[in-house]
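Convention: sequence-line order gives letters A, B, ...; per-chain numbering from 1.
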There are 2 protein chains.
Amino acid sequence: MMKKKTERQLEIRKIILDGKVHSQEELLMQLKKKGFELTQATLSRDLKLLQVAKVPHPAKGYIYVIPGAEKREEASQKNRVNFLADGFKDIQFSGNLAVVKTLPGYANSIAAVIDRAAPWEIIGTVAGDDTILLIQREGITKSDLINALINVMPNLRDKL
Amino acid sequence: MMKKKTERQLEIRKIILDGKVHSQEELLMQLKKKGFELTQATLSRDLKLLQVAKVPHPAKGYIYVIPGAEKREEASQKNRVNFLADGFKDIQFSGNLAVVKTLPGYANSIAAVIDRAAPWEIIGTVAGDDTILLIQREGITKSDLINALINVMPNLRDKL
DNA sequence: ATTTCAATTGCAAAATTATGCATTTTTATT
DNA sequence: AATAAAAATGCATAATTTTGCAATTGAAAT
């Protein structure tokens, strides 16, 4: 009745979504605890089918994730983010620094969003009331940085 | 002058973004061809730092990707997608089928979006002019499917 | 029920990736 | 410039993941 496989993959999915899996062996244990019988080889194949990715996590070493499954939370945040982009006024460059001017009071929120997204191109930010200082990574060009910003706040696209 | 590392990682980034890397050895070759000298060990560490993920690809086996870097194209498509969600009218379930009713003419576009996203919960779709038939995977619940749809078109959230 | 074909899985080995440790290279300090 | 401290890297190996192949299991057809 070919149901074992489906059920198993469904369970794998759930476990992965909790974001606490560091290796296939570990996942295998959890599955066995829940009564599934299989080997790591089969698991590897399941993960391939489910397109489960192994991604480095700054703190936890490596974790397994399901790419498509962006959490609801993150999705709805995008609206807020795009709203904030309205506060953006202008950007100027000097060496490895970029200075962003915003409407009064917007600087901190926007900087927070950037920090949160932590684009690789930007090492860090400092924000006042209507100004944000972005320190960019060595070897990054202006357009790299602009792209990074657009990536964080799609709406900026039109204002740059 | 500690510049080699930065440059190298920058190059790694570029290569990965082209989406044609299947293994570290392969990437290593490309880097060497471009004049970088390093071992697989260092590369592994670089990838960890850059948070490069190894993800199964239906056709190509496995490819390395940079999670955060969603392509501009994809990002801007989201607007179109959310616009389409306006055409959504209603959804009904029967067994492992779901029937979506849309405004006249919307069915095909919406189905196309779903097909493209290819959520795991949905095996396939058939679309007429104002009706879409969704065939769901075995073992999936109604709410699983609804969540999958919301994942594809965030704006649906409010209409369900 | 028996046979046939395809799908699923385990086993064992190959392939790939991660890491401890020693060494080299950079950076900072005096 | 010399020395000390920190960062980066290679080597060798361990750990993990993937895969070819044979065996098993389930489904379909006669």
>> Test of understanding: with side chain to side chain contact (heavy atoms under 4.5 Å, CB included), list the residues that count as partners of B/K32, not counting sequence neighbours.
In response: B/L28
> Who pairs with B/K142 by salt bridge (charged side-chain N to carboxylate O under 4.0 Å, His left out), at least two apart in sequence or on another chain?
Replying inline: none
>> Whole angstroms only, please: what is the CD1-C1' distance between A/I63 and C/dT17?
In response: 18 Å
>> For the CG atom of B/L43 and the CD atom of B/Q9, what is their distance to the nearest 0.5 Å?
In response: 10.0 Å
> Quick one: B/L27 CG to C/dT17 C1', roughly how many Å, whole number?
Replying inline: 13 Å
> Does A/R8 place a side-chain N or O at less than 4.0 Å from the phosphate oxygens OP1/OP2 of C/dT8?
Replying inline: no
> Counting any heavy atom closer than 4.0 Å, what does A/E37 reach on the DNA or RNA strands: base, sugar-phosphate only, or nothing?
Replying inline: sugar-phosphate
> Whole Å only: how far is the CD atom of A/Q24 from the P atom of D/dT17?
Replying inline: 4 Å
> Does A/V55 sit in a hydrophobic cluster with other residues, and if so which ones, taking ILVMFWY side chains as linked at heavy-atom separations under 4.5 Å, directly or through other members?
Replying inline: A/I63, A/V65
>> Could you work out how much the helix from C/dA1-D/dT30 to C/dT30-D/dA1 bends, comparing the axis of its first five pairs with that of its last five, to 10°?
In response: 40°
>> Distance check needed: C/dA18 P versus B/Q51 CD, whole Å only.
In response: 13 Å
>> Measuring from atom CD1 of A/I12 to atom CG of A/D46, what distance do you get when rounded to the nearest 0.5 angstrom?
In response: 4.0 Å
>> Counting only side-chain heavy atoms from C-beta out, which of D/dA8, C/dT17, C/dT8 sits nearest to A/K5?
In response: C/dT8
> Given atom CD of A/E25 and atom P of D/dT18, what is their separation to the nearest angstrom?
Replying inline: 12 Å
>> Using a 4.0 Å cut-off on heavy atoms, which residues in residues 39-48 of chain B reach DNA chain C? List them by number, or say none.
In response: B/Q40, B/A41, B/S44, B/R45, B/K48
> Could you give the CD-to-P distance, from B/E26 to C/dA15, as a whole number of Å?
Replying inline: 16 Å
>> Checking A/D144 now: which residues fulfil salt bridge (charged side-chain N to carboxylate O under 4.0 Å, His left out) with it, not counting sequence neighbours?
In response: none
> Roughly how many Å is it from OH in A/Y62 to P in D/dA15, rounded to a whole number?
Replying inline: 15 Å
> Which whole-number value in Å describes the distance from B/E7 CD to D/dA8 P?
Replying inline: 15 Å
>> Tell me every residue that passes side chain to side chain contact (heavy atoms under 4.5 Å, CB included) with A/K34, counting only those two or more places apart in sequence or in another chain.
In response: A/E11, A/F36
> What residues, two or more places apart in sequence or in another chain, satisfy side chain to side chain contact (heavy atoms under 4.5 Å, CB included) together with A/A127?
Replying inline: A/A107, A/N108, A/A111, A/I132
> Who pairs with A/K101 by side-chain hydrogen bond (donor to acceptor under 3.5 Å, both in side chains), at least two apart in sequence or on another chain?
Replying inline: A/T131
